[in-house]
Amino acid sequence: MSGPRRFPRIAPYKGPAGGYGSLRSVARILAEEHVPDAIVTLADQNKPDGYMCVSCAWGKPAEPQPFEYCENGAKATAWEITRKRVDQKFFETHTLAELAGWRDHDLEVAGRLTMPMRWDSATDKYRPVSWQQAFNEIGEELRALQDDPDQAIFYASGRASLEASYMFQLLARIYGTNNLPDSSNMCHESTSVALPESIGVSVGTVTLQDFESVDLMLYLGHNVATNSPRMLHQFQDAKKRGAAIISINPLKERGLQRFTNPQSPREMLTFSETQISDKILQVAVGGDIAALTGICKALVSMDDAAVEAGAAGSTDRKALLAQTDNDAGFAIKAAAAAATSRRVLDHDFIAEHTHGFAEFADYCRAADWAEIAQVSQLGRADLEAVAVQYAGAGKVMGIYGMGITQHVAGTQTVQMLVNLLLLRGNIGKTGAGICPVRGHSNVQGQRTVGITEKPELVPLDRLKEMYGFEPPCHEGYTTVTGCEAMIDGRVKAFVALGGNFTRAAPDIPRVEAAWSKLRLTVAIATKLNRSHIVHGEVAYLLPCLGRIEVDKQASGPQAVSMESSLAQFHGSKGRVAPASPELMSEPAIIAGIALAALPENAKVPWTEWVGNYSTIRHAIEATWPATFHKLNENMFHPGGIERPVAARERKWNTRSGKANFIVPTQMFGGTAENYRKAGVLQLTTFRSNDQFNTSIYGYSDRFRGVTGTRMVVFMNAADIAAQGFAAGELVDLRTAMDDGHERIVRGLQIVPYDIPRGCCGAYFPEATPLVPLGHHDLHAHTPAYKAIPVEVLRSTTVRTRPE
Ligand SMILES: Nc1nc2c(c(=O)[nH]1)N[C@H]1C(S)=C(S)[C@@H](COP(=O)(O)OP(=O)(O)OC[C@H]3O[C@@H](n4cnc5c(=O)[nH]c(N)nc54)[C@H](O)[C@@H]3O)O[C@H]1N2
Ligand SMILES: Nc1nc2c(c(=O)[nH]1)N[C@H]1C(S)=C(S)[C@@H](COP(=O)(O)OP(=O)(O)OC[C@H]3O[C@@H](n4cnc5c(=O)[nH]c(N)nc54)[C@H](O)[C@@H]3O)O[C@H]1N2
Ligand SMILES: [Mo]
C-alpha cells in the first residue's frame with residue numbers, strides 16, 4: 001500500500017485558485033505517477049487536433065490557450081497514463097479478502113490494469129483468462145438469463161466515447177432490456193428531466209461564445225476551481241470585461257473568491273488575482289428554492305410597483321418614493337425609481353414565449369418572506385439586492401452543478417432557476433441562458449446516443465429498421481430502481497462500462513451486500529476499484545484502453561468523439577502507447593460480448609465497426625440525422641460541431657408549445673423528515689480537490705485546508721459549541737431518517753468551517769453510507785447526496801493511524 005502517512009493537518013489555505021499552488025500540485029502528481037514527461041502529452045489536451053481531457057466536460061474553445069488544461073485535468077491525465085501497473089504478479093500476491101481492506105486510493109494508485117482476469121473462488125484471487133474465453137463465458141451467463149432480460153443491468157459511467165456508448169446501448173437493447181442507467185442518473189438527471197418540461201430541451205442553452213457578452217452570472221451549487229477549473233478562464237475574461245458573478249453556495253469555495261491564471265506569466269510574476277464573485281450568498285443546504293423564490297418575489301413586486309406607479313401617474317416619483325420608504329424597503333424604492341420609464345419584467349417575451357406566468361407570479365406574491373429567510377438563511381435585503389442587479393442586467397446566465405441537482409427537490413430547483421431566467425427573457429438570447437455544468441467528459445453525449453433507461457428518448461423505430469430486431473419498449477432501471485432491484489434479488493447480472501458503481505451509488509453497505517450476491521459482474525475498466533473487489537459469483541475484469549492511448553484497429557489508428565457540457569461534438573485522438581499490449585478498446589470489448597451473447601444478426605456489423613470507428617459514426621448519424629450532421633467530416637473542426645438546441649432559437653418543444661413557468665411544490669430542497677429538529681444537521685457531500693469522483697488521487701484538499709485525511713466533517717463553530725463538541729474531536733454521523741436501516745459513519749474529525757448553521761459537509765464517497773436509497777429526487781430519481789438529515793454523536797473510534 002502507498003499513500004500519505006502523515007497525521008492530518010487542518011489549516012486555512014491562503015492562496016488563490018490556480019496560481020503556484022496549482023503548479024506544485026501538478027508537479028507532485030506527475031512525479032508520483034512516474035510521468036514527468038507528461039508535459040509533452042498535456043500540450044495536446046483539449047486541442048482541436050488532440051485528445052479530449054478525461055476529467056470534466058467543460059467546452060473546448062476553437063482558439064485554445066497555449067495549455068488548454070487545468071490542475072485537475074493534468075492530474076486526471078497523469079492518473080491514466082501512469083507508469084504503474086497492476087499485473088499478474090499483483091493479483092498472485094493479493095487475495096480479494098486482503099484487498100477489501102485497502103483504501104480507495106490504494107487500489108487505484110496501484111496502477112493500470114493490464115490483462116483480462118476472472119475471479120477464482122478456490123484461491124479468492126483474480127486469475128488471467130483469455131479474451132475469447134472471457135467473452136464466451138460472459139455470453140453464456142447472459143444467455144442463461146435471457147428468459148427475462150431485465151435481470152441484467154448495463155451501466156455506463158460517463159467517460160466512454162459516443163462510439164462505444166452507441167454500441168453499448170445497442171448491445172443492451174438487442175439483448176432485450178432498457179436497463180441502461182449511467183452516471184448521469186446520479187448527477188444531472190434532474191436537469192435532463194427539468195429542462196424538457198421547462199424549455200423543451202434536455203441540455204443547456206449556453207455556448208462558450210455567450211461568455212463573451214454576458215452581463216451577470218448567477219452561479220449556484222458548483223465548485224469551479226476543483227471540478228471545472230477551465231471555466232475560470234471564461235469567468236476571468238467576463239469579469240475583466242465588467243460582467244458580474246453572484247455565487248449562491250453554502251461554502252465560500254476558493255474558486256468563487258480569487259483566481260490567478262497559472263498560464264499567465266504576468267499574473268504569476270506579479271501575484272495578481274482576479275476577484276471572481278462580486279457576492280457570495282451562503283445559502284443553507286437545500287435552501288435554493290427559497291432563495292430563488294425570494295429573488296423572483298422581489299422582481300415581481302418591483303414590477304407590480306411599476307404598474308402602480310404608472311397607474312398613479314408616473315410623474316410623481318417623489319411621492320411614491322416617500323410612500324414606499326416606510327414599508328417595502330430599498331428594492332421597491334429602486335423599482336419605483338425605475339418605474340416611470342419601464343416595467344421590470346420582460347412582458348413581451350413572457351406573452352409571446354411563455355406559459356404559466358400568472359400562476360407563477362401569484363406564487364411569488366404569496367410567498368412568505370419569513371419562510372424564505374428561514375429556509376434559505378439569507379436576508380431579505382440580500383435577495384432584493386440580487387433582484388435589483390438582475391433587473392439591471394441585459395444578459396444573464398444561470399450556471400449550476402450538483403449543489404442544485406442532487407436534492408429531493410432537485411428537478412424543481414432547476415426549474416425554479418429557469419423561472420427566474422424567463423422573467424426577463426434570458427433564454428434564447430446571446431450572452432444569456434441556462435448552463436448546467438456536466439460532470440464526466442462525455443456524460444451528456446452518452447445520453448444523446450441512447451444510453452438511457454427511458455425508451456421514449458430513443459428512436460426505437462429507427463433501431464428496429466436499421467438492425468432488424470424488436471427493441472424493448474418498457475422503461476428500464478435508473479440507478480435507484482436498479483439498486484432496489486438488486487437488493488430484492490430481481491437483478492442477477494451487472495455489466496459496467498467504466499465507473500465504480502458500489503462507491504458511487506447511495507447506501508453503500510446495502511448496495512455492496514446485494515452486489516456480492518449477483519450471479520455475474522463484468523467490469524470494463526482501466527483501474528482497480530472497490531466494485532471489482534466486492535464482486536458477483538462469477539466476476540470478470542476486462543481492462544481497456546484509455547482515451548489518451550493510441551487505439552489501433554484494422555483500418556489504422558482510430559479517433560473517437562464526445563459531447564461537451566456546452567453541446568458541442570469533438571473528436572479525440574489518442575497519443576501515448578497503450579499501458580499493456582493486451583488491452584482492448586471499449587468498442588472491441590463491447591463487440592466481443594455482443595458477438596458471444598446475442599443471436600447472430602448480420603445487420604449489426606460489430607466486427608466492421610471495430611475495424612473502423614468512422615462506420616460507427618455513420619450509424620450514429622443515420623440514427624439521429626437531425627442531431628449529428630457530418631460528424632465524421634467535422635468532428636475535428638476547431639470549437640467542435642454545434643449541436644442544434646431548439647430553445648436557443650426560442651423554439652419550445654414542450655407540450656404547451658411555450659417555455660413553461662413551473663411553480664415549485666416545496667420551499668425546502670430536502671425532506672420534511674427531521675427538518676429543523678434540534679440536534680439534526682443537513683449534511684451535504686462533495687468532492688475534495690484531490691479526487692475524480694471515486695478515484696482518490698491523494699489527501700490534500702488544498703482549498704479547504706485539509707491535508708492527510710478525508711475523514712472529516714465541516715461544521716459551523718456555533719453548532720459545534722451548541723452540541724458540546726470541540727474542534728478536532730472525532731465524531732460519528734448517524735442518518736436521522738427512519739426506514740428500518742441504521743446508517744452510521746464513524747470517526748470523522750470535526751473541522752470548524754464557514755458553513756451556515758444547521759448544515760454540515762463531508763466527502764464523497766466516505767460519507768455516502770449515510771445516504772438512504774429512498775432519499776432521491778422526486779421526479780428524476782437522482783440520489784439526494786445533498787441535504788441528508790444527520791445527528792452528530794460522540795465517537796467511540798480511536799484514531800490509531802492516519803485515515
Ligand atoms: N477534479 C474533478 N473534477 C470533476 C469531478 C471530480 O470529482 N474531480 N467530478 C466530475 C463530476 S462527475 C461532476 S458531476 C462534477 C461535480 O462538480 P460539482 O457540481 O462542483 O460537485 P460537488 O463536488 O458535489 O460540489 C457541489 C458544490 O455545491 C455546493 N453545495 C452543496 N450543497 C448545496 C446546496 O444545497 N445548495 C447550493 N447552492 N450549493 C450546494 C458545495 O458547497 C459545492 O461547492 O465535477 C466533475 N469534474
Ligand atoms: N455521496 C455522493 N455520491 C456521489 C456523488 C456525490 O456528489 N456525493 N456524485 C455522483 C456523481 S455526480 C457521479 S457522476 C457518480 C460517479 O460514478 P462513476 O462514474 O461510476 O464513478 P467514477 O469514480 O467516475 O469511476 C471511476 C472508475 O472508472 C474507471 N475508468 C476510468 N477511466 C476509464 C475509461 O476510460 N474507460 C473505462 N471503461 N473505465 C474507466 C476506473 O476503473 C475508475 O476506477 O458518483 C455519484 N456519487
Ligand atoms: Mo457527475
Side-chain angles (χ1 to χ4, degrees), residues 54-58 70-73 75-76 79-80 104 107-108 113 155-161 164 182-188 220-224 226-229 247-253 255-256 281 283-288 291 400-407 413 437-441 443 479 496-506 508 523-532 542-548 586 589 669-670 682 684-695 697 755 759 761-771 782-783 785-788:
V54 295
S55 192
C56 80
W58 189 241
C70 65
E71 170 185 346
N72 283 338
K75 286 189 204 167
W79 201 245
E80 177 165 315
D104 293 329
L107 293 173
E108 283 215 28
L113 296 165
Y155 168 76
S157 154
R159 199 176 281 198
S161 63
D182 82 346
S183 60
S184 171
N185 281 106
M186 300 183 246
C187 186
H188 265 291
L220 295 88
H222 185 256
N223 183 11
V224 62
T226 287
N227 295 328
S228 292
S247 292
I248 301 187
N249 196 309
L251 305 187
K252 286 184 178 163
E253 306 278 28
L256 313 182
L281 297 183
V283 70
V285 170
D288 299 273
Y400 65 97
M402 296 299 99
I404 294 302
T405 62
Q406 292 174 334
H407 280 290
T413 315
V437 187
R438 305 267 172 177
H440 268 297
S441 48
V443 65
T479 287
L497 179 59
N500 185 3
F501 190 82
T502 64
R503 296 298 277 169
I508 290 178
I524 303 168
T526 51
K527 290 237 176 150
L528 189 63
N529 65 45
R530 182 82 43 192
S531 306
H532 314 148
L542 307 180
C544 63
L545 291 170
R547 188 189 304 154
I548 308 170
E586 290 174 326
I589 297 171
Q682 298 296 325
T684 188
T685 62
F686 42 60
R687 293 147 177 81
S688 87
N689 186 50
D690 220 3
Q691 74 184 88
F692 190 91
N693 297 338
T694 70
S695 299
Y697 301 144
I755 184 171
C759 307
Y763 292 125
F764 145 52
E766 286 77 2
T768 310
L770 295 166
V771 187
T782 311
Y785 297 116
K786 317 293 194 245
I788 307 133

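Numbering of ligands and ligand atoms starts at 1, following listing order. Values below: every heavy atom of this structure, side chains too, minus hydrogens, waters and symmetry copies.
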For this session: Heavy-atom contacts with Asp288 under 4.0 Å: which atoms of ligand 1 show up? List them by number with element.
Result: 34 (C), 35 (O), 36 (N), 37 (C), 38 (N)
Problem set entry | His407 and ligand 1 - part of the residue with a heavy-atom distance under 4.0 Å | side chain
Seminar exercise, completed: On a heavy-atom basis, the closest approach of Cys544 and Ile589 is CB-CD1, 3.8 Å
For this session: Measure the CG-CG distance between Leu251 and Leu256 for me, rounded to the nearest 0.5 Å.
Result: 8.5 Å
Exercise. Can you check whether Cys187 reaches Val443 side chain to side chain, under 4.5 Å on heavy atoms?
Worked result: no
Exercise. Near Leu251, which atoms of ligand 1 are under 4.0 Å from a heavy atom of that residue?
Worked result: 42 (O)
Exercise. Does Lys527 reach the main-chain N or O of Trp79 with its side chain, forming a donor-acceptor pair under 3.5 Å?
Worked result: yes
Problem set entry | Between Glu108 and Asn500: side-chain donor-acceptor atoms closer than 3.5 Å | no
For this session: Go through the structure and list residues passing salt bridge (charged side-chain N to carboxylate O under 4.0 Å, His left out) with Glu80, not counting sequence neighbours.
Result: Arg159
Exercise. So which residues, sorted by chain and number, lie with a heavy atom under 4.0 Å of ligand 2?
Worked result: Glu108, Tyr155, Ser157, Arg159, Ser183, Met186, Cys187, Met402, Gln406, His440, Gly498, Gly499, Asn500, Ala504, Ile524, Ala525, Thr526, Lys527, Asn529, Cys544, Glu586, Thr685, Arg687, Phe692, Asn693, Thr694, Ser695, Phe764, Thr768, Tyr785, Lys786
Problem set entry | Pro765 versus Pro769, closest heavy-atom pair with distance | O-CD, 3.7 Å
Exercise. In ligand 1, which numbered atoms sit nearer than 4.0 Å to a non-hydrogen atom of Ile248?
Worked result: 38 (N)
For this session: Go through ligand 1 atom by atom and flag the ones less than 4.0 Å from a non-hydrogen atom of Asn72.
Result: 1 (N)
For this session: Mark up the atoms of ligand 1 that fall under 4.0 Å of a heavy atom belonging to Val283, in ascending order.
Result: 38 (N)
For this session: Measure the shortest side-chain to side-chain distance between His440 and Ser157 over non-hydrogen atoms and say whether it is less than 4.5 angstrom.
Result: yes
Exercise. Looking only at atom types and distance, does a side-chain atom of Gln406 sit under 3.5 Å from a main-chain N or O of Thr782, one as donor and one as acceptor?
Worked result: no
Exercise. In terms of ring plane angle, is the pair Tyr785 and Phe764 parallel, tilted or perpendicular, where the classes change at 30° and 60°?
Worked result: parallel
Exercise. What do we get for Glu253 next to ligand 1 when only non-hydrogen atoms under 4.0 Å count, side chain, backbone, both or neither?
Worked result: side chain
Exercise. Strictly under 4.0 Å, does any heavy atom of Ala787 approach an atom of ligand 1?
Worked result: no
For this session: Please tell me if the side chains of Val283 and Asp288 come closer than 4.5 Å, counting only heavy atoms from C-beta onward.
Result: yes
Exercise. Counting each atom of ligand 1 from 1 as listed, which ones have a heavy atom of Val285 under 4.0 Å away?
Worked result: 35 (O)
Exercise. Got an N/O contact under 3.5 Å between Gly286 and ligand 1?
Worked result: yes
Exercise. Does any N/O atom on Asn249 come nearer than 3.5 Å to any N/O atom on ligand 1?
Worked result: yes
